[in-house]
Amino acid sequence: MSDVTRSSAADPDQAPTAELVRQAAEQISHLVRSELALARAEMTEKGKRAGVGAGLFGGGGLVALYGIAALLASVILGLAEAMPGWLAALIVSVLLFAVAAGLALVGRRHVRQAGPPVPEEAVRSVKADIDEVKERAHR
């Protein structure tokens, strides 16, 4: 927790109640602004990292897609040697749709379990601030 004590009185025990309330309001306001700035900075950093990673992951996926398309064409042409070409293409297509459905179901389950992104450091800092305020209030 940052030190935001700005007492205009020499001794806090001698300060009037109104002055202490004003100081507390200023300190709480400063603390809330600081915690919001920390949360914003943390989420911005996480967003940048996720964006770069997603871009690279997408690029790799696109290149892999071209490779898979070439491989599938090879499989279809190989099966076409033993059966009509349309039947070979139909068999490969049905298998691909079955795999896609399985992957989609597994992916949906993982997304549901992931939960929302939370600025963990900011939450931890706010909890520490609340504990500090509670401790000082009991003194």
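Remember, it's a predicted structure, so these values are computed and weren't measured experimentally. Starting from 1, each residue takes its place in the sequence as its number.
Cluster annotation: Leu36 is connected to Ile28 through the hydrophobic network of ILVMFWY side chains, with a link wherever side-chain heavy atoms come within less than 4.5 Å. The cluster map of Ile, Leu, Val, Met, Phe, Trp and Tyr, joined by side-chain heavy atoms under 4.5 Å apart, puts Val111 and Leu105 in different clusters. Linking Ile, Leu, Val, Met, Phe, Trp and Tyr residues whenever their side-chain heavy atoms come within less than 4.5 Å leaves Leu72 and Leu77 in two separate clusters. Grouping the Ile, Leu, Val, Met, Phe, Trp and Tyr side chains by contacts below 4.5 angstrom, directly or via other members, places Leu79 with Ile68. Phe97 and Leu95 fall into different hydrophobic clusters, where Ile, Leu, Val, Met, Phe, Trp and Tyr side chains are chained together by heavy-atom contacts under 4.5 Å.
Among all heavy-atom pairs drawn from Ala80 and Gly85, the shortest one is CB-CA, 4.0 Å.
Rounding to the nearest 0.5 Å places CG of Asp129 at 12.5 Å from NZ of Lys134. Taken to the nearest 0.5 Å, the CG atom of Leu90 stands 10.0 Å off from the CD1 atom of Ile76. Rounding to the nearest 0.5 Å places CH2 of Trp86 at 8.5 Å from CD1 of Ile91. Rounding to the nearest 0.5 Å places CD of Glu42 at 10.0 Å from OG of Ser125.
Arg40 and Thr44 form no side-chain donor-acceptor contact under 3.5 Å, judged by distance and modelled atom types alone.
Remark: Val106 pairs with Arg109, His110 by the side chain to side chain contact (heavy atoms under 4.5 Å, CB included) rule, at least two apart or across chains.
Between Glu26 and His30, every side-chain heavy-atom pair lies at or beyond the 4.5 Å cut-off.
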- request: Kindly indicate, with the supporting measurements, whether the criterion salt bridge (charged side-chain N to carboxylate O under 4.0 Å, His left out) is fulfilled by Glu19 and Arg22.
  value: CA-CA 5 Å; Glu19 176 67 17; Arg22 185 190 63 76; 2.5 Å; yes
